[in-house]
Amino acid sequence: MGQRALPGFRDFYPAEFADRAHLFATFRRIARRFGFVEYDGPPLEPLELYTQKSGEEIVGQLYNFTDKGGREVALRPEMTPTVARLVGARAAALPKPVRWFSIPQLFRYERQQKGRLREHFQLNVDIFGESDSLADAELLAVACEIMRAFDLGPDDVRARVSDRRLLNALLSHLGITDAQAPAVYAVLDKLERQPQEISREKLALAGCSPEQAAAVLAFGTLDFDAAVVAYGQSPTVQPHLERFAQYRAHLDALGVLEYVHFDLSIVRGLAYYTGIVFELFDAKGEFRAICGGGRYDTLLSSLGGSDLPALGFGMGDVVLGELLRARGKLASTLARPDFWLVPDDGADVPAVLRAARALRRHEFSVVHALDADRLWNRKPRTQMQDAQRQGARAGLRVLPGGVAEVILFDRSDGDAASRRVDLAALLAGDAAASVPVVAQLRDLLAADAAPSS
RNA sequence: GUGGCUGUAGCUCAUCUGGUUAGAGCACCGGAUUGUGGUUCCGGGGGUAGCGGGUUCAAGUCCCGUCAGCCACCCCA
């Protein structure tokens with residue numbers, strides 16, 4: 001023993017796996033509600049797929065190696081290059097807009113810390129072939145509705161949204177050159193975590209005048225209405241404000257504007273975003289970003305494919321899981337057996353197995369002791385205790401004549417928990433006559449599961 | 001990659017300033033008990049104190065190294 005998972009990698013015991021399955025099920029449910037369809041690609045890709053976009057320095061953060069055929073390969077650190085390849089290869093044939101999602105496991109060789117491992121699962125939701133801001137609104141709505149599906153409201157989570165084109169127009173209006181822009185982006189990105197004086201120095205270092213620096217530093221607290229007041233008269237900026245206002249109107253109609261906060265300090269790296277960008281954070285600011293995404297219209301063409309406009313977001317399972325756990329929103333979803341079978345005195349083992357089979361044919365999950373001697377000799381009462389400890393929802397004792405005593409374990413209302421159900425028809429395999437019996441059993445379990453008052 | 005903190009049973013933690021066979025609760029396993037039932041009682045398995053080295057008559061307890069975890073930085077997903 002003593003063997004553990006590699007650093008940054010997780011073992012999923014049934015309880016953790018149940019949480020993960022719950023996340024995935026919610027991801028899929030909401031994505032499908034918006035008409036997105038699921039795809040996947042290989043977890044191992046040519047190293048080149050990642051170096052051509054991000055350069056050689058990225059190799060230090062990849063799980064890469066030479067395979068037995070001499071190929072340079074890497075475990076995928078992100079899904080975007082893969083999906084870009086898939087879409088690019090069939091760009092002409094796919095009906096637009098393309099709405100795809102995936103839940104890949106991604107790998108990154110970096111030192112782990114809270115909310116950040118060497119492996120994680122990440123919901124990726126992307127739209128290809130639509131440049132209208134309505135698509136941007138739809139994308140963010142998916143992310144917000146997922147939050148809502150996890151019972152995380154606008155008081156729990158906020159979406160901070162910026163717009164690269166608007167930001168560029170603002171910088172241009174202020175007289176900041178394209179050459180200075182990357183330095184300004186870097187300052188904006190750190191505005192929250194870095195003392196203002198340092199930000200001011202960095203801006204001065206980039207060649208910004210004190211007036212320009214002051215305007216940039218003010219971006220951190222500028223809400224949208226204030227931006228309109230301050231810059232609405234600028235012919236450079238005005239069209240972008242107008243488009244953003246439209247975007248907000250769409251979000252309002254989609255019912256998610258309450259999550260949205262205009263925030264020019266959201267930069268999201270320096271790389272490929274070209275339009276609206278956003279990140280979701282917990283409102284208390286305890287955790288890393290839950291989700292991040294935006295528009296990257298030039299990425300596909302830069303990867304040598306078609307020049308479809310594109311936008312998407314990634315939402316990892318680690319931070320979201322931590323947040324849900326911390327907020328008590330992850331009730332255990334571990335599956336429990338419906339019935340634990342106990343033979344009646346004098347019944348034989350085959351009779352119990354036949355009863356189990358009959359119940360399983362009707363989709364009930366059924367378990368019993370797997371030690372025949374124990375099944376046969378152990379007192380029914382003691383077996384009922386085993387049943388409870390094993391997490392069964394109900395004990396089912398088969399009495400002579402096919403009548404079953406069903407004991408519901410979850411009752412907390414003091415109601416008599418023991419019920420009799422005549423299983424004769426079900427045990428005999430009479431399909432028609434079994435229908436009411438099955439319904440009766442389901443009702444018992446359903447009533448049992450319902451919160452009692 | 002850099003720096004700081006931490007490392008005793010599956011989990012949460014004890015073990016006074018280094019001193020006999022390292023303990024408890026929970027969990028797990030077994031037995032008994034309980035007539036509507038996860039109670040109560042008894043018993044049991046499980047730790048070379050992350051690992052390696054050093055100081056000492058003696059180290060879980062001090063020192064060094066290493067590995068791992070946490071936090072910050074870097075970077076981003």
Side-chain angles (χ1 to χ4, degrees), chain A residues 1-11 13-16 50 53-55 57-63 75-82 102-125 185-186 189-190 193-194 198 266-273 277-281 286-294 312-322 336 340 342 371 374 377-395 397 405-420 448:
Chain A
M1 303 306 276
Q3 289 279 20
R4 292 208 292 175
L6 287 168
F9 285 78
R10 296 169 289 176
D11 292 320
Y13 284 82
E16 287 96 50
Y50 305 110
K53 181 182 121 196
S54 312
E57 65 275 16
I58 197 168
V59 175
Q61 300 183 352
L62 291 179
Y63 267 97
L75 289 169
R76 59 188 175 194
E78 57 169 325
M79 200 56 170
T80 304
T82 298
S102 187
I103 311 178
Q105 188 173 23
L106 306 177
F107 306 86
R108 202 113 164 179
Y109 194 87
E110 281 192 310
R111 189 149 175 179
Q112 68 162 323
Q113 52 185 291
K114 185 175 155 203
R116 193 165 178 187
L117 307 173
R118 287 180 168 177
E119 145 277 320
H120 74 146
F121 291 90
Q122 187 189 62
L123 170 67
N124 275 247
V125 177
Y185 283 174
D189 189 37
K190 288 198 171 60
R193 290 163 285 156
Q194 182 171 268
I198 297 189
I266 296 300
V267 176
R268 293 204 49 71
L270 306 177
Y272 50 73
Y273 288 101
V277 291
F278 61 87
E279 292 184 346
L280 266 56
F281 289 89
E286 291 174 35
F287 300 93
R288 292 167 173 279
I290 300 162
C291 164
F313 70 77
M315 181 183 293
D317 70 315
V318 179
V319 176
L320 180 58
E322 286 172 351
R336 302 169 59 192
W340 181 284
V342 177
D371 179 332
R374 167 180 284 249
N377 291 318
R378 201 160 157 85
K379 284 191 277 189
R381 166 174 316 225
T382 311
Q383 293 204 45
M384 284 296 175
Q385 287 187 335
D386 291 341
Q388 292 196 14
R389 289 198 300 179
Q390 293 278 333
R393 298 176 60 191
R397 185 174 171 187
E405 179 188 22
V406 177
I407 297 171
L408 304 170
F409 293 139
D410 291 346
R411 306 297 292 202
S412 56
D413 57 5
D415 194 9
S418 176
R419 307 293 161 81
R420 304 243 161 186
D448 191 37

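Letters go in sequence order (proteins before strands), and every chain restarts at 1.
Where A/F9 and A/L117 each meet RNA chain B at their nearest nucleotide, the meeting point lying more 5' is that of A/F9. Comparing A/R389 and A/L106 by the nucleotide of RNA chain B whose heavy atom lies nearest to each, the residue mapping closer to the 5' end is A/R389.
When the C1' atom is compared between B/C73 and B/C29, the two are found 48 Å apart, to the nearest whole Å. If you take atom P in B/G19 and the same atom in B/G38, they sit 45 Å apart, rounded to whole Å.
B/G38 atom P lies 17 Å from atom CD of A/Q383, rounded to whole Å. Residue A/F287 contributes atom CZ, which lies 17 Å from atom C1' of B/A72 at whole-angstrom precision. Protein atom CZ of A/R393 is 18 Å distant from nucleotide atom C1' of B/G37, rounded to whole Å. In this structure, CZ of A/R116 is placed 6 Å from C1' of B/C75, rounded to the nearest angstrom. One can place CG of A/D189 at 14 Å from C1' of B/C73, the figure rounded to the nearest angstrom. One interatomic measurement links the two molecules: NZ of A/K114 to P of B/C75, which rounds to 20 Å at whole-angstrom precision.
Searching all strands for a Watson-Crick or G-U wobble partner of B/A49 with both distances below 3.5 Å returns nothing. Pair check for B/G18 finds none; no Watson-Crick or G-U wobble contact set falls under 3.5 Å. Across all strands shown, the partner of B/A68 is B/U6, judged by Watson-Crick or G-U wobble contacts whose two distances both fall under 3.5 Å. The base-pairing partner of B/C73, taking Watson-Crick or G-U wobble contacts with both distances under 3.5 Å, is B/G1. Using N1 to N3 plus N6-O4 or O6-N4 for Watson-Crick, or N1-O2 and O6-N3 for G-U wobble, each under 3.5 Å, B/G43 pairs with B/C29. Both distances falling under 3.5 Å, in either a Watson-Crick or a G-U wobble arrangement, place B/C62 opposite B/G54.
For the pair A/R118 and A/Y109, the cation-pi criterion (under 6.0 Å, within 45° of the ring axis) is fulfilled.
Looking at A/Q61, A/E110, A/R108 one by one, the single match for side chain to side chain contact (heavy atoms under 4.5 Å, CB included) with A/P77 turns out to be A/R108.
At a threshold of 4.0 angstrom between heavy atoms, the contacts of A/G8 are confined to the sugar-phosphate backbone, with no base atom among them. Across all strands shown, A/E110 has heavy atoms under 4.0 Å from base atoms, whether or not it also approaches the sugar-phosphate.
Between the side chain of A/Q385 and the base of B/U39, a donor-acceptor pair under 3.5 Å is found. Applying the 3.5 Å distance criterion, the base of B/C75 shares no donor-acceptor pair with the side chain of A/R108.
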